[in-house]
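Read the structure below first, then the notes.
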Amino acid sequence: QVQLVESGGGLVQAGDSLRLSCAASIQIFSSYYIAWFRQAPGKEREFVAAIRWSGPSTFYANSLKGRFTISRDTAKNTVYLQMNSLKPEDTALYYCAKTKYNTITVMPSDYDYWGQGTQVTVSS
């Protein structure tokens, strides 16, 4: 069973940067994807970005491309989300998750393991 633990969230001001981390408890098989989602109060869970564990394929929500960068360190079993030029609308609980299948997907139902989330709050 895979355990995913997010960290790195916090309270920042608009324009600041944050790097989130998602540490996996065991080695991820190379064909799976690890993704970041976010959920703001009263809104549905939203796909942010994903990376194939074996690399180098990455995918981003169109609205976030250019500000957010996903990467991974296989030696540390960790996936990162670098977030730059943060905006108040980026405020949300950020989750990482692993795909059920060996294909990229933006649907939360296609992910079988989830972390507990890390809160990102951006003040204006």
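Below, each value reflects all heavy atoms present in this structure, side chains not excepted, and no hydrogens, waters or symmetry copies.
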Val120 and Thr91: CA distance, side-chain angles, deciding distance, side chain to side chain contact (heavy atoms under 4.5 Å, CB included) verdict: CA-CA 5 Å; Val120 173; Thr91 295; 5.9 Å; no
Stepwise side chain to side chain contact (heavy atoms under 4.5 Å, CB included) test for Asn102 and Tyr33: CA-CA 7 Å; Asn102 303 340; Tyr33 290 80; 5.8 Å; no
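- In the displayed structure, Gln3 atom CD is contacted under 6.0 Å by at most 12 heavy atoms of other residues, nucleotides or ligands.
- Tyr94 does not carry Arg38 over the face of its six-membered ring by the limits of under 6.0 Å from the centre and within 45° of the normal.
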Stepwise side chain to side chain contact (heavy atoms under 4.5 Å, CB included) check, Ser17 with Gln82: CA-CA 7 Å; Ser17 298; Gln82 177 68 41; 3.8 Å; yes
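- Counting only distance, with no hydrogens or angles, the side chain of Thr118 and the backbone of Ser7 share no donor-acceptor pair below 3.5 Å.
- Applying the 6.0 Å contact sphere to NZ of Lys100 captures more than 12 heavy atoms from other residues, nucleotides or ligands.
- Closest heavy-atom contact between Pro88 and Ser124: CG-CB, 3.8 Å.
- Between Phe68 and Asp90, the closest side-chain pair of non-hydrogen atoms falls below 4.5 Å.
- With a 4.5 Å cut-off on side-chain heavy atoms, Cys22 and Tyr80 do not count as touching.
- Residues Asp112 and Val2 are not in side-chain contact: their nearest non-hydrogen atoms beyond the backbone lie 4.5 Å or more apart.
- Residues Ser85 and Arg67 come closest through the heavy atom pair O-NH1, 3.0 Å.
- In this structure, Thr105 and Thr99 have side chains that are in contact, with non-hydrogen atoms separated by less than 4.5 Å.
- There is no side-chain donor-acceptor pair under 3.5 Å between Thr78 and Asp73.
- One distance of note links CG of Asn84 with CG of Leu64; it measures 12.0 Å at 0.5 Å rounding.
- Ser63 and Glu46 get closest at one heavy-atom pair: OG-OE2, 4.5 Å.
- Closest non-hydrogen pair, Trp114 versus Pro108, comes out as CZ2-O, 3.4 Å.
- A cation-pi arrangement is found for Lys98 relative to Tyr32, the charged atom lying closer than 6.0 Å to the ring centre and inside a 45° cone about the ring normal.
- Taken to the nearest 0.5 Å, the CD1 atom of Ile34 stands 8.5 Å off from the OH atom of Tyr111.
- In this structure the side chain of Ile51 reaches within 4.5 angstrom of the side chain of Val79, judged on heavy atoms.
- Taking the six-membered ring where the residue is Trp, Phe47 and Phe37 present perpendicular rings, their angle passing 60° and hence far from 30°.
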Criterion side chain to side chain contact (heavy atoms under 4.5 Å, CB included) on Asp16 and Val122, from CA distance to verdict: CA-CA 8 Å; Asp16 286 350; Val122 184; over 6 Å; no
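- Considering only heavy atoms from C-beta on, Leu81 comes within 4.5 Å of Val48 through its side chain.
- For the pair Glu6/Gln116, a side-chain contact is recorded, criterion being any heavy-atom separation below 4.5 Å from C-beta on.
- Considering every non-hydrogen atom in both Tyr95 and Gly115, the closest pair reads CD2-O, 3.5 Å.
- Here the side chains of Leu20 and Trp36 are in contact, with some heavy-atom distance below 4.5 Å.
- With rounding to the nearest 0.5 angstrom, the CD1 atom of Ile70 is 11.5 Å from the CE atom of Met83.
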